[in-house]
Asks: 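Structure provided below as structure tokens; questions to follow.
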Amino acid sequence: MAAETKPKDKRSVKEEAESKLAKGKKSVAPEDASIDIATQEMIARAQKLGIETIFDRAENMKPCNIGAQGTCCKNCGMGPCRLPLPKSGIEGKDERKGLCGASANTIAARNFVRMIAGGAAAHSDHGRSVAEVFLAAARKETDAYKIKDVDKLLSIAPYFDVPTTVEIDGKLHDRDIDEIALEVAEKALEEWGKPEGELCYLKRAPAALYEKWYKNDVLPRSIDREIVEIMHRTHIGVDQDYKNLIKQGTRAAIADGWGGSMLATDLQDVLFGTPYPLQSEANLGVMKEDHVNIVIHGHEPVLSEMIVAAVQSKEMIEYAKSKGARGIQLSGICCTANEILQRHGVPLCGTFLQQELAIVTGACDAMVVDIQCIMQNLANVAKCFHTKLITTHPIAKMEQDNVIHIEFDEHYAMEDAKRIVKLAIDNFENRGAEVMIPKYKHIQIAGFGVEAIEYHLGGIFRGSYYPLNDNIINGRIRGIAGVVGCNNARTKHNDAHITVVKELIKNDVIVLTTGCNGIACAMEGLLTPETAGVFCGPGLAEVCEAVGIPPVLHMGSCVDNSRILLAATEVVKAGGLGNDISDLPVAGSAPEWMSEKAISIGHYFVASGVYTVFGVTLPVSGAPEFQEYLFEEFEKLYGGMWDLEPDPIKHAHKLIAHIDKKRHALGIDRARERILVDMAARRELEAI
Ligand code: BF8
């Protein structure tokens with residue numbers, strides 16, 4: 001390992017880097033780019049080697065203000081029509097127009113709902129792929145995939161009107177599991193394109209929420225249709241009413257959260273197992289110098305499940321040893337990582353912004369990517385090292401000539417997985433001399449699905465959300481926040497994620513996390529039960545210590561935000577906190593969002609009654625009337641609304657203020673005042 005492990009001082013690293021980058025290009029000071037030391041070290045290393053990463057590119061390319069405000073329309077060949085917000089703001093009537101006459105509100109709404117379409121399509125197409133593999137497994141077309149969680153299959157079958165019992169001679173008998181699986185698979189696949197009716201899962205929502213959707217006429221009919229309709233309505237000369245446009249955005253977002261994403265989560269659980277808490281590690285330091293390092297990256301666990309099995313096979317381990325390695329170290333980036341973490345304990349290598357840096361270690365023998373959040377620059381970074389970059393999905397290829405494409409076919413799943421693993425092993429001997437793996441990693445406990453939370457918080461009443469509700473009502477837990485989403489190179493890596501989460505748990509708000517926020521929290525050590533005594537307020541610390549859970553519960557990947565919807569629904573069902581998600585002391589947050597998927601998630605949280613705050617920026621600020629509709633009027637329709645707050649402390653306190661507003665409305669704010677103000681009462685509680 002290279003001797004150098006600490007970045008040089010800010011100035012010398014920056015100057016050295018700028019001398020290596022193309023003339024006139026600026027480089028970022030590593031300490032300004034990330035709060036994470038492993039990340040800083042790798043940025044510094046990349047700069048020293050003259051390798052450009054996203055952190056430097058963000059220094060050199062400033063975002064377009066008008067696009068960031070949401071008021072640039074490029075939906076036809078007469079544009080782009082750019083409608084900047086006047087510096088003095090809008091006085092009187094907003095007269096701004098595109099060539100066709102489209103107002104700023106129409107343009108911003110069109111752009112916003114197209115982002116929802118992009119996000120919903122990504123999540124839902126992922127769900128469709130899983131449904132297709134599930135169907136192949138149910139038809140016994142592949143040996144590689146089997147029904148792993150029969151209970152989960154039986155629990156979802158009724159939503160598709162698939163009976164789980166059959167009456168023979170007046171007696172009820174259990175139906176054959178294979179028959180149930182086949183019918184569920186066929187019915188599930190119909191959700192993408194059925195010609196009439198509504199999505200099967202909508203009735204899983206609290207009745208009051210379903211009623212709101214019905215009243216507002218936003219019940220999704222089929223997943224694909226809602227996405228296609230957005231593309232139609234936002235074509236030039238179609239929908240020109242921002243309220244009507246966002247109504248369709250709402251329908252598509254619900255089709256994502258309560259449709260495509262929820263189906264992806266459920267079918268993955270049935271095929272690969274429902275997650276339960278397990279221990280693992282996180283950050284670039286999980287890579288091992290003396291092992292073959294395979295990093296999997298992307299979102300669909302269909303291939304990575306097979307890679308997990310392949311690297312554990314005696315055949316592959318022996319082969320790695322025959323090539324001089326001590327074993328094979330598998331780790332992951334982004335949500336594929338979260339998927340195999342929560343089911344197998346495979347360690348997290350890093351967040352979205354660390355993907356290039358995993359290669360910069362010089363120890364990555366193969367990076368295997370599937371779909372979504374994969375930077376094209378990976379191929380350029382891989383060229384500077386021995387790393388084999390392998391694309392595996394027919395819809396996600398790369399143009400650079402050093403990229404290998406091995407198309408994954410579920411019918412030959414294990415063969416394909418072993419071929420990829422073998423390629424990585426063969427590449428081990430090609431490593432350069434300079435391997436530099438940062439030493440930093442942290443232990444984490446992950447794998448908190450809806451069922452696991454029910455079990456762990458159930459206390460003596462196992463398998464119930466009542467004790468969680470009790471602790472919310474008595475004020476030990478102030479409320480629940482879903483803090484999720486990406487990294488964004490326009491802000492300091494992980495800074496807002498960690499600041500928001502720490503501020504929430506300090507104020508007794510339990511956090512449910514997914515996606516890159518989950519990875520950030522894992523890297524920071526917030527996913528351990530011991531964290532509770534260090535960072536939490538007294539009430540939350542007491543609950544976490546009593547039950548033995550972390551104050552931040554990692555619920556999985558971004559499609560697993562559907563688990564947060566279902567957890568909130570369970571809280572409603574457990575009683576005592578109102579009759580809809582919008583009644584609960586609950587809020588949502590994405591402090592460092594960047595993807596269209598995040599916008600779709602944000603919007604289905606809002607449409608499900610959750611006050612949702614985004615950090616960084618939101619592409620609606622250039623159309624104040626449309627923004628006000630999302631930030632204020634939406635609450636009247638669905639009980640949830642959008643907000644924007646880039647400052648992480650203010651961001652956290654907006655969430656807390658909303659939680660307190662809901663506690664007040666429920667009449668449970670007094671209990672909390674007693675808990676926090678009176679320390680004697682706390683000692684009394686501790687004695688119980
Ligand atoms: O789906 S949080 S950067 S990895 S988009 Fe991507 Fe954002 Fe990370 Fe997972 Ni979600």
Side-chain angles (χ1 to χ4, degrees), residues 34 36 39 54-55 58 115-127 129-130 253 256-257 260-262 264-265 268 282 295-301 304 331-342 348-358 367-378 393 396 446 482-491 493-494 496-498 500-501 511-523 554-564 588-605 612 614-616:
S34 174
D36 171 53
T39 303
I54 188 169
F55 298 97
M115 290 185 88
I116 293 175
H123 287 142
S124 301
D125 218 29
H126 164 171
S129 292
V130 177
D256 176 357
S261 282
M262 202 171 276
T265 297
Q268 286 170 180
V295 179
I296 27 191
H297 171 21
H299 284 76
E300 270 184 24
S304 49
S331 63
I333 301 264
C334 286
C335 285
T336 288
N338 286 323
E339 297 283 3
I340 52 170
L341 162 73
Q342 64 181 345
L348 299 168
C349 190
T351 64
F352 167 74
L353 280 184
Q354 290 170 286
Q355 54 187 282
E356 293 164 306
L357 306 181
M367 183 173 278
V368 187
V369 304
D370 51 76
I371 48 161
Q372 300 168 20
C373 301
I374 297 148
M375 292 184 202
Q376 185 165 353
N377 198 55
L378 283 180
H393 207 289
V483 188
V484 306
C486 325
N487 285 138
N488 187 317
R490 298 295 178 196
T491 64
H493 171 238
N494 286 359
H497 277 317
I498 299 306
V500 167
V501 169
V511 172
L512 307 181
T513 180
T514 61
C516 286
N517 181 275
I519 303 174
C521 290
M523 286 162 53
H554 192 349
M555 299 192 80
S557 66
C558 284
V559 293
D560 293 332
N561 282 309
S562 61
R563 297 192 202 275
I564 299 183
S589 156
E592 300 182 28
W593 81 278
M594 63 88 199
S595 72
E596 290 172 323
K597 291 184 285 176
I599 293 289
S600 182
I601 294 165
H603 202 64
Y604 73 63
F605 267 50
T612 302
F614 270 36
V616 196

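Every value quoted in this text rests on a predicted model; they were computed, and no experiment measured them. Both ligands and their constituent atoms are indexed starting at 1 by order of listing.
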Asks: Report, in ascending order of atom number, the atoms of ligand 1 lying under 4.0 Å from any heavy atom of Cys558.
Replies: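 Contacts of ligand 1 toward Cys558, numbered from 1: 1 (O), 2 (S), 9 (Fe), 10 (Ni).
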Asks: Do any of the N, O or S atoms of Cys373 sit under 2.8 Å from atom 6 (Fe) of ligand 1?
Replies: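 Short answer: yes, at least one N, O or S atom is under the cut-off.
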Asks: Strictly under 2.8 Å, is atom 9 (Fe) of ligand 1 approached by any N, O or S atom of His299?
Replies: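 So His299 counts as coordinating atom 9 (Fe) of ligand 1, yes.
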Asks: Under 3.5 Å between some N or O of ligand 1 and some N or O of Lys597?
Replies: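 N/O-N/O distance below 3.5 Å exists for this pair.
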Asks: In terms of the angle between their ring planes, are His493 and Phe55 parallel, tilted or perpendicular, with boundaries placed at 30° and 60°?
Replies: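 Correct class here is perpendicular.
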Asks: Taking C-beta and beyond as the side chain, do Glu300 and Thr336 meet within less than 4.5 Å on heavy atoms?
Replies: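 Side chain of Glu300 against side chain of Thr336, heavy atoms only: no contact under 4.5 Å found.
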Asks: Tell me whether ligand 1 is touched by Gln372 - counting only heavy atoms on the residue side and a distance under 4.0 Å.
Replies: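 In this structure, Gln372 fails to qualify as a contact of ligand 1 - no heavy atom is under 4.0 Å.
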Asks: Is there a donor-acceptor pair closer than 3.5 Å between any side-chain N or O of Glu596 and the backbone N or O of Ala121?
Replies: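 Between the backbone of Ala121 and the side chain of Glu596 there is no qualifying donor-acceptor contact (under 3.5 Å).
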Asks: Please list, in number order, the atoms of ligand 1 under 4.0 Å from a heavy atom of Met594.
Replies: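 Those of ligand 1 that fall under 4.0 Å from Met594 are 3 (S).
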Asks: Does a donor on one side chain and an acceptor on the other come within less than 3.5 Å for Ser600 and His123?
Replies: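 Short answer, no.
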Asks: May I ask you to check if any N/O/S atom from Cys516 comes under 2.8 Å of atom 7 (Fe) of ligand 1?
Replies: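 Checking Cys516: none of its N, O or S atoms is under 2.8 Å.
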Asks: Check ligand 1 against Cys334 and write out every atom of the ligand that is under 4.0 Å from a heavy-atom position of the residue.
Replies: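 Heavy-atom distances to Cys334 below 4.0 Å select 4 (S).
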Asks: Is any side-chain heavy atom of Ser261 closer than 4.5 Å to a side-chain heavy atom of Asn561?
Replies: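 The answer is no, as the side chains (C-beta and beyond) never meet within the 4.5 Å cut-off.
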Asks: Mark the output for Gly485 as yes if a heavy-atom distance to ligand 1 is under 4.0 Å, and as no if none is.
Replies: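 Checking ligand 1 against Gly485, which is what was asked, there is a heavy-atom contact under 4.0 Å.
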